[in-house]
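Here the structure comes first, spelled out in structure tokens, and everything after it is commentary.
Note: hydrogens, waters and symmetry copies are ignored here, and every other heavy atom, side chains too, is used. Indexing begins at 1, ligand by ligand and atom by atom, following the structure's order. Along the sequence shown, residues carry numbers from 1. The structure displayed is predicted, hence computed values, not measured ones.
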Amino acid sequence: MNNQPEIAHTQSLLDKHLPPDIFEKLKDLQTGSGFTLHDAVRSGRENPDSSVGIYAGDAETYRVFSEILDPMINEYHRFSNDRRHMSDLSPTPLEDPDPEHLYIVSTRIRAARNLDGFAFTPFISLTARRKVEQLFLKAVSDYRLAANSRYIAYENLSDKEFQTLAQSLPLFRKGDRFQESAGINRDFPKARGVFFSDHGGLLAWVNEEDHLRIISMDQGSDISGAFTRIADLLTFLENRINFAKDSRYGYLNACPSNIGTAMRAGVHIRLPGLDRQRNTLYRTAEKMNLQVRGTGGEKTGIRDSIFDISNKQRLGITETECIRTLHNGVAALIRMEQQLSGSL
Ligand code: ADP
Ligand code: CIR
């Protein structure tokens, strides 16, 4: 049985926008704290099947390597140099795209954040990682019913305890080979953990690919509800932590595919008809600015015809537009699925 996402690999953004002659020209550049072009492209070079292929070691990477990063960012996000990123986290009521609960299994919205003044995870020291963890836990300690929240620090867990917890809680694991090559797994599992708020579906991954991944998730298809919850925590943190931000590029993150809103709003959706016509699914997704991922996350296979569909673009659109993109796209995919199964 074929359970692979079946996305034909195309050239990475790195290979497309950093041909050997430009690499030669820029190869001695580095940021103030010493993050080099070699560091930035290691993951893409070691993993030729990368789709992006480059990581930032700090906020300054986006300025020092702008000649390389700008065109990659513009292509990925359909952005252009004359534009500035805007944010909008206001409540956004949307009709339930799957009122009979036939297709959407669960909804998950995440936004990445990095603390200003700290290296990003490909380049961060263990001491700085610990500081990031402390600063976040302090900031979040008076978030609503903090007494009913909990932090699971990875360092104190045996493998067996971790596996047991991971069966029922959305914990993150050590990063894949792309993240390994980038240096993101350094010192794992030290200074890593997951914070759960009093609402079980609102949590934060600490020191995964970014310093923070704020996540709102729930069974079912209540996209607006998930958005309201994440917006609340993001706004709370914004008033307490200085995040790495750029006036043109919005929030800055380890992977350039995540800058701007840093938001990936997605659903797990069962589409057995479109599973048999994956090329149609991928073409429609591309047209509607959606990304298709595997059931277990980025670069995993499809189980039981369940696809992870989310907004692809994160920069140049606001957070509310991210969820509208998801909402419109999912509604269209559901209509296609209904036509394929003859229920329309
Ligand atoms: P990220 O979203 O942080 O960029 P991944 O694509 O690796 O990274 O997804 C992270 C995890 O979230 C994976 O374990 C994936 O299965 C899970 N996940 C993603 N979307 C959903 C969803 N809608 N419902 C439940 N789990 C999800
Ligand atoms: C790659 O280049 O394929 C990996 N570094 C992951 C890039 C992030 N993926 C994505 O599509 N947003």
Checklist entry - Do we get Arg278 above Tyr282's six-membered ring, with its NZ or CZ under 6.0 Å from the centre and within 45° of the axis? => result no
Item to check | Region of Asp308 that comes within reach of ligand 1 [heavy atoms, distance under 4.0 Å] | outcome: side chain
Next on the checklist: Only heavy atoms of Arg110, strictly under 4.0 Å: list the atoms of ligand 1 that pass.
Outcome noted: 1 (P), 2 (O), 3 (O), 4 (O)
Checklist entry - Numbering the atoms of ligand 1 from 1, which are under 4.0 Å from a heavy atom of Arg293? => result 1 (P), 2 (O), 4 (O), 5 (P), 6 (O), 8 (O)
Next on the checklist: Less than 4.0 angstrom from a charged side-chain N to a carboxylate O is my criterion; do Arg110 and Glu208 meet it?
Outcome noted: no
Next on the checklist: I want to check a possible cation-pi pair here: Arg129 against Tyr154, using under 6.0 Å from ring centre and within 45° of the ring axis as the test.
Outcome noted: no
Checklist outcome for this item: Within 4.0 Å of some non-hydrogen atom of Arg213, the atoms of ligand 1 are 1 (P), 3 (O), 4 (O)
Item to check | Sub-4.0 Å atoms of ligand 1 with respect to non-hydrogen atoms of Gly266 | outcome: 23 (N)
Item to check | Side chain, backbone, both or neither: Arg264 near ligand 1, heavy atoms under 4.0 Å | outcome: side chain
Checklist entry - Any donor and acceptor pair, going by atom type alone, linking the side chain of His211 with main-chain N or O of Ala119 inside 3.5 Å? => result yes
Checklist entry - Is ligand 1 less than 4.0 angstrom away from at least one heavy atom of Phe172? => result no
Checklist entry - Can you list every salt bridge (Lys or Arg N to Asp or Glu O under 4.0 Å) pair that touches residues 71-83, not counting sequence neighbours? => result Lys16-Glu75, Arg78-Glu286
Next on the checklist: Please determine whether any non-hydrogen atom of Val105 lies less than 4.0 Å from an atom of ligand 1.
Outcome noted: no
Checklist entry - Just by modelled atom types, is the Phe178 backbone N or O under 3.5 Å from a matching donor or acceptor in the Asp176 side chain? => result yes
Checklist outcome for this item: For ligand 2, protein residues within the heavy-atom limit of under 4.0 Å are Ser50, Ser51, Val52, Gly53, Tyr55, Tyr76, Phe178, Cys255, Ser257, Gln291, Arg293, Glu298, Lys299, Arg314
